[in-house]
Structure formats: structure tokens, C-alpha cells
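Before any comments, here is the structure.
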Amino acid sequence: MTATDSASPRDAVLAVRSEVAKVVVGQDGTLTGLVAALLVRGHVLLEGVPGVAKTLLVKAVAAALDVDFRRVQFTPDLMPSDVLGQTIYSPAEGTFRFREGPLFTNLLLADEINRTPPKTQSALLEAMEERQVSVDGTTHALPDPFIVVATQNPVEYEGTYPLPEAQLDRFLFKLVVGYPTAEQEQDVLARHDAGLDPHDVRAAGVRPVAGPETLAAARAEIASVRVDPAVLAYIVALTRATRESPSITLGVSPRGTAMVLHAAKAWAWLSGRPFVTPDEVKAVARPAMRHRIQLRAELELEGATADGVLDSILATVPTPR
């Protein structure tokens, strides 16, 4: 039983952010995006240089949510069976049985996912979309909730394998984890000086304040968040603009359009609103779309970025009143 079983789902979810703040300094935007994704069972890709607390952030969220958590370090020699599991022979029973891999959990941290070859990356495709895995002709359902949070390094490309478009499209958000401010970094040092062990979030005081039942109740409330037809049309206009932009060779898919809607509803719910406004759509547009578009090669060579192109689209597509 969690500490806030009697609290409303929203209060319990907001308490998760307070617990994570005990070990993670700053990164408020990243944390809010991660929590919003969890609320709608969305997978998250965290991109940032080493040492900016990507892994610590996910571990702290898992501890505050009181869900089953596993971490897999993705390496060049990792095989699909190392993640999914495999069928093994039991001499005692004289039969074959399926031994579950680390994928069978509530929150999977796929650390440095782009360091493993495409064969192993693709093992996650069915799991992320259908929340099940098929091994030797047998389908095995994954736990509920099941969420993948993957990390990747944006600056070190040697020995890495870029994620294919089909897999990127299965992530609700791509969240960019940046450096802390000078004040925040000094706060980090003060906590380490006081004895903080980032490898033991429980000892740091992070306690479970929500659980799977909280997330299920929150999802039910989010489903009832209203969306005006004009806002629906706005979401469609934004995603269609990415397909028509001369700067973009691959635009946002219809799946991506639906994910923008779900993310906006979660954002509105976190803000305490029973309906979605264009502001929520704008708040989730970049993290929900930046990994679903491909810029023209010549523009990338000139220094253009996905966020910059999306900013232009957000500035030109009329906002409903």
C-alpha cells in the first residue's frame, strides 16, 4: 500500500514529482514529460550527454511509483533472447517452458538503446506497440502497465546504430535532457557532499507515493478530458503541416497525430483542466513530434534542427480561439 492511497489520482501523481526532486535537481520539464507519458502508457526516449542524471531520473520515478522496474544495458553483443526471454527445456518435467526476459516488467529502462544492433532493437517493436511478445510461435502478454524508457547519447556515434523510423514512431516523447544551471549544479554538489548515494534512491528518502492502480485511475480520468473539435482540427493541421513542409522529407504519421492528442489530454489533466486548450497542444508538440520528422540533408548540414522547423510550423499554423 502506497503512502497516498486515500489521495486523489492527480494528487498522488503530483507527489511523484516531489519524491523525485529528493534526488534529481532541475530537469522539471523532463520529469513532467516523463510523468505525462506514463499516464497514457507512452514510451519515452531520453536523449542527453552522459552524466545528466537520465538513469537516476528513471530509477527515482520507478521508486516513487512503486512499480516493477528493470534496467537493461544495451550493448553490441546483446541478443533478442536476452531481452525477450527464451524457450528452455526442463529435464525434471520433460517439457519445454518459456523463461521470461527482463522485458516482462512495468517500467523497462533500455539504457543506451542505440548501442545494440538493429536485430535486437527490433525485438522491442511488437512489445512497444502491442504490449506482447511472440517467441517460438507463442504469444505472451506483458504486464500492465508496460512502459519503455530508452536513453541515448546524442554526441557519440562510434559503435552506435541509429533507431529505425518504425521504432522512433512508437515513442510518445523524445525528451532532451540538458545541463543544469550553475545554481542547480552547485545544489547537486551540496547533496553529494552531504552523503547522497545516487545508486540508492530509497536511502535518499524516495518513497512510493503511487502505484499501478493510481495510474489506471488517472488514465480513466484522462480519457474523460474533453477536446473541442477546433482543437482536434488544430492537432491535425500541425501534423499535416509537417508532411507538406519543404524542409521535411518525412512528416508525422497518423499514429503520431493520435499521440499528440493523448499527450495533450494528459498535460491538461496534470494542469487540473477538464478540457484541452491549444496551449497544451503547443506544450507537447515538440517532444511528441521532433523524433517523427526527418529534415532535408542539406538543411541539416546548414545547422537546421527539428525543433527549429517545428517552431516555424507552430508559428504559422493558425491557433484556434
Side-chain angles (χ1 to χ4, degrees), residues 13-14 16-17 19-21 23-62 64-65 69 71 74 107-115 121 124 128 145-156 160 162-163 165 167-181 184 215 238 242 252 255-256 258-271 279-294 305-311 314:
V13 169
L14 293 178
V16 169
R17 297 195 295 189
E19 291 300 309
V20 173
V23 292
V24 178
V25 179
Q27 309 299 358
D28 292 338
T30 303
L31 175 57
T32 301
L34 182 55
V35 169
L38 294 172
L39 291 172
V40 291
R41 295 194 295 183
H43 309 296
V44 177
L45 179 61
L46 295 177
E47 184 176 273
V49 298
V52 290
K54 299 185 299 294
T55 300
L56 176 60
L57 176 64
V58 181
K59 289 171 62 177
V61 168
L65 277 175
F69 168 75
R71 174 179 177 268
F74 278 63
L107 180 55
L108 176 73
L109 173 58
D111 224 351
E112 296 187 294
I113 191 172
N114 58 336
R115 287 201 174 279
Q121 289 179 3
L124 291 174
M128 293 175 68
F146 168 72
I147 295 135
V148 174
V149 179
T151 70
Q152 68 176 15
N153 182 347
V155 295
E156 188 177 352
T160 62
L163 297 179
E165 290 77 13
Q167 187 159 32
L168 286 171
D169 202 41
R170 282 162 167 77
F171 286 101
L172 173 66
F173 284 153
K174 176 183 175 181
L175 302 175
V176 178
V177 187
Y179 286 113
T181 64
Q184 290 169 343
L215 295 179
L238 287 174
T242 66
V252 175
R255 178 198 282 135
M259 288 195 174
V260 172
L261 169 65
H262 295 310
K265 293 179 71 169
W267 211 269
W269 183 83
L270 282 170
S271 302
D279 288 340
E280 278 82 48
V281 177
K282 291 179 179 180
V284 303
R286 294 177 192 81
M289 295 197 291
R290 59 167 60 111
H291 55 298
R292 303 180 196 279
I293 64 174
Q294 284 186 357
T305 63
D307 280 9
V309 173
L310 289 173
D311 284 343
L314 286 166

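When the side chain to side chain donor-acceptor pair (under 3.5 Å) test is applied to R71, the partners found at least two apart in sequence or on another chain are Q73, D111. Not counting sequence neighbours, Q27 has no partner by the side chain to side chain donor-acceptor pair (under 3.5 Å) test. Scored by the side chain to side chain donor-acceptor pair (under 3.5 Å) test, T305 finds no partners at all (sequence neighbours excluded). Checked against side chain to side chain donor-acceptor pair (under 3.5 Å), Q121 has no partners two or more places apart in sequence or in another chain. Every side chain to side chain contact (heavy atoms under 4.5 Å, CB included) that R255 has, sequence neighbours left out, goes to E129, D169, R170, S253, M259.
Note that OG1 of T151 is 5.5 Å distant from NZ of K54, once rounded to the nearest 0.5 Å. Note that CZ of F69 is 12.0 Å distant from CD1 of I147, once rounded to the nearest 0.5 Å. Here CZ of F173 is found 10.0 Å from OG1 of T32. Values are rounded to the nearest 0.5 Å. One distance of note links CG of L107 with CG of L34; it measures 7.5 Å at 0.5 Å rounding. The NE2 atom of H291 sits 7.0 Å away from the CG atom of L172 when rounded to the nearest 0.5 Å.
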Pair up each side-chain donor or acceptor in residues 35-50 with any protein partner under 3.5 Å, not counting sequence neighbours, and list the distances.
residue : atom : partner : partner atom : Å
R41     : NH1  : D144    : OD1          : 3.3
H43     : ND1  : V148    : N            : 2.9
H43     : NE2  : M128    : O            : 2.8
E47     : OE1  : Q152    : NE2          : 2.8
E47     : OE1  : K174    : NZ           : 3.2

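Side-chain contact check for L238 versus V260: every heavy-atom pair is 4.5 Å or farther apart. Two residues are said to be in side-chain contact when any heavy atoms from C-beta on lie closer than 4.5 Å; L57 and V52 fail this criterion.
L168 approaches L163 most closely through the heavy-atom pair CD1-O, 3.7 Å. A306 approaches R290 most closely through the heavy-atom pair CB-O, 3.8 Å. Minimum heavy-atom separation, L215 to P145: CD1-CG, 4.1 Å. Between V23 and A60, the closest heavy-atom pair is CG2-CB, 3.6 Å.
The main-chain N or O of R115 is never found under 3.5 Å from a side-chain atom of T160 such that the two would form a donor-acceptor pair. Remark: side-chain polar atoms of T30 are not paired, donor with acceptor, to backbone N or O of V177 under 3.5 angstrom.
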